[in-house]
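Below, read A as the first sequence line, B as the second, and so on, with proteins coming before strands; counting in each chain starts at 1. Scope of the values below: all heavy atoms of this structure, side chains included, with no hydrogens, waters or symmetry mates.
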Amino acid sequence: MTINPRTIEAYKLLHDGTLALARAERQGIRVDLDYVNEKKEYLIKKMNRFEQKFRSSDFHKHWKSSVKSKTPNINSDSQLANFLYNIKKLTPYKTTKSGQGSVDEESLKQLNIPELDLLLKKKKLKGILDKLEGFEKEATNGYMHPFFNLNTVITYRSSSDSPNFQNIHKRDKEANKICRGALFPRPGHQLFSADFSGIEVRIAACYHQDSNMINYIKDPTSDMHGDMAKQIFIIDDFNKKIHSQLRQAAKNGFVFPQFYGDYYKNNAIGICNDWIKLPQSRWKKGMGIELDSHCISDHLISKGISSFDKFVNHIKEIEYDFWNNRFFEYQKWKTRWWESYKKYGYIDMKTGFRCSGGMSRNDCVNYPIQGTAFHCLLWCFIELDRISMQENWDTKLIGQIHDDIVMDVNPDELEHVTKTIKRVTCEDLPKHWDWINIPLDIEMELCPIDGSWADKSVYEL
DNA sequence: TGTTCATGG
DNA sequence: TATCCATGAACA
C-alpha cells in the first residue's frame, strides 16, 4: 500500500508541514534533569523491592527449580509463558498472534496468582523509568527536541521519536505525575495545549454524511456514547445522568472498536475485562463496577442478562442496530467505498492523497479518515507557525500529538494566542477546505507559569 | 530480525 | 470477515 499526493497542494502540505515541525523541534521542551534523577532513584528502589519480594516467593522457587542450570530471567516474557503454560500447565486466558499463551497484564491478572502482581508492578515502573531515561538521553542544555516525522506513517499521519513525544504516560495517574512532571516551559512561560474534540468522528462524517451522526455532532444536548451506554447496560431512566464509567465503557469498549471494524464478541470481552471488571468466566452477582448502590452485574442479571453468553448475544443485537438503524448511512458509505476500491484499485483522500495497492476492508475505510484528520491539525500547525513568525510572537509551537497542538506560551500573549488558535482551527480551516461541512471544536488546557506538564487544567477562552 | 509487551492518538 | 496508526525495550 502506498499513498501519494495527487495535487500540488497535497505535496505542499507535507513540505510546509516539515518546515513548521522542524522549527518546533529546534525550539524543544525543557526537562528538569535533577527531578529526573530523583525520580529515577525512587523508581529503581521501588522496583528492587518488588523484585526482592518476588524472588523470595514460593512461585519463584518453583520456577527456578523448573529451569536447568541457572536462574530464570524474570524479565523474559517467553520464559514466563513457558513456565506458566508448559510446566505448570495453566490454561492461557488468551493467545498471541502466533498462537502462544499470552503473558500481558490482562492475562496474568486472570490467573489470580498474587506473585504475578509483583512482576506486573515492577514492569509498570520499568516503563516509567524507560521514559525518564529517554528524556535524559535526549536532553542537551536542559532541553529535549523530539522529532516529528511526516514520512514514516502509512496513512500520512505523523510520528515522533527520540524521544517519542506522542506516547508520554497520561492515563495512569502516578505515571502521568512522574513523566509529565519532568517537562517544563521556558522560565516565566506556560505550557499550553489545544486539541480537536472528536476530530476523527467529525472527519469521518465529512466522508459518509450520516444524518444521525451529524445530529449527534451538531446537537450539544445529545450524547452518542451516553446513548450507547443506556442501550448496552439497559438503563431505562433517560433523565438520569449516565454513570461516567459506563459511558466510558460504551465509548472505548464498543463505539470506537466498532468504528475501526471490530465485532460484537470482542466488544463483549473488552467491555467486561477493561471497563466493567466483570469476569466472563464467573459471571455472578455482586461483581463488576458499582452502579448506584449495587453492582453492574446485579443490574444486568435483573434485566435478564444472566450469563456472559447472553451478554455476547445482547451486544450482537446492539451491533446490528448500530449499523442497520442508528448509523445506516455510515454503513452504506463503508460498503460503497470498499466496492469502489475493489473496482478502481485506489481511494482518494479529501486532502488530495491517493491510497493504492493492497488494502483490507478495514484499512480501506480507516486510512483516509486517520490521514485526513491529521492533515486538519497539520494545516492549523503550519498556519499558526506562519502567524507566530509574522507577528513576532515570543510564544512558540513545540510539538503536536495527532489532534493536539502543544505550545510554550508567554503569559502576556496568552489571550491573543488562544483567540488566534480558536479562529484558525474552527473558522479558517473549514474556510480553507470547503469539504469540511461539519462544525469543528477544540478544547484547551493550560499549565501554571513555570509549572510542569503534569499540572495542566482546562482553559476556557 | 521478528515477536511481544508497554505507551499514546 | 472480524481493532486503525505509531515508537521503543527486551528477548530469542
Where the side chain of [X] is defined as all heavy atoms beyond and including C-beta, which of [options] is the nearest nucleotide?
X: A/Ile154; options: C/dA6, C/dT3, C/dA9; value: C/dA6
X: A/Asp262; options: C/dA6, C/dA9, C/dA2; value: C/dA2
X: A/Ser76; options: C/dC11, C/dA10, C/dC5; value: C/dC11
X: A/Asp161; options: C/dA6, C/dA12, C/dG8; value: C/dG8

Practice item. Starting from the C-alpha separation in whole Å, work towards a yes-or-no answer on ring pair (Phe, Tyr, Trp, His ring centres under 6.0 Å) for A/Trp453 and A/Tyr35. Key: CA-CA 13 Å; A/Trp453 205 19; A/Tyr35 171 95; over 10 Å; no

When the distance from [atom1] of [X] to [atom2] of [N] is rounded to whole Å, what number comes out?
X: A/Lys137; N: C/dT7; atom1: NZ; atom2: P; value: 15 Å
X: A/Met359; N: C/dT1; atom1: CE; atom2: P; value: 17 Å
X: A/Phe148; N: C/dT7; atom1: CZ; atom2: P; value: 13 Å
X: A/Lys265; N: C/dT1; atom1: NZ; atom2: P; value: 18 Å
X: A/Tyr263; N: C/dC4; atom1: OH; atom2: P; value: 14 Å
X: A/Phe256; N: C/dC5; atom1: CZ; atom2: C1'; value: 14 Å
X: A/Tyr264; N: C/dA2; atom1: OH; atom2: C1'; value: 10 Å
X: A/Ile74; N: C/dA10; atom1: CD1; atom2: P; value: 13 Å

Short side-chain N/O contact to [N] OP1/OP2 from [X], under 4.0 Å:
X: A/Asn75; N: C/dA10; value: no
X: A/Tyr367; N: C/dC5; value: yes
X: A/Gln258; N: C/dA2; value: no
X: A/Asn73; N: C/dC11; value: yes

Within 45° of the ring axis of [Y] and under 6.0 Å from its six-membered ring centre, is that where the NZ or CZ of [X] lies?
X: A/Lys122; Y: A/Phe54; result: no
X: A/Lys334; Y: A/Tyr330; result: yes
X: A/Arg157; Y: A/Phe374; result: no

Practice item. Looking at every strand, decide which applies to A/Ser158 at a 4.0 Å heavy-atom threshold: base, sugar-phosphate, or nothing. Key: nothing

Exercise for review: With heavy atoms under 4.0 Å as the rule, sort A/Gly127 into base, sugar-phosphate or nothing.
Suggested key: nothing

Check your understanding: Is any side-chain N of the basic residue among A/Glu115 and A/Lys88 closer than 4.0 Å to the acidic one's carboxylate O?
Key -> no

Centre-to-centre under 6.0 Å for [X] and [Y], is that the case here?
X: A/Phe256; Y: A/His225; value: yes
X: A/Phe327; Y: A/His208; value: no
X: A/His375; Y: A/Phe353; value: yes

Practice item. Spell out protein contact along nucleotides 4-9 of chain B as letters: B when the base is contacted, S when just the sugar-phosphate is, - when no protein heavy atom is under 4.0 Å; keep the 5' to 3' order. Key: SSSBBB

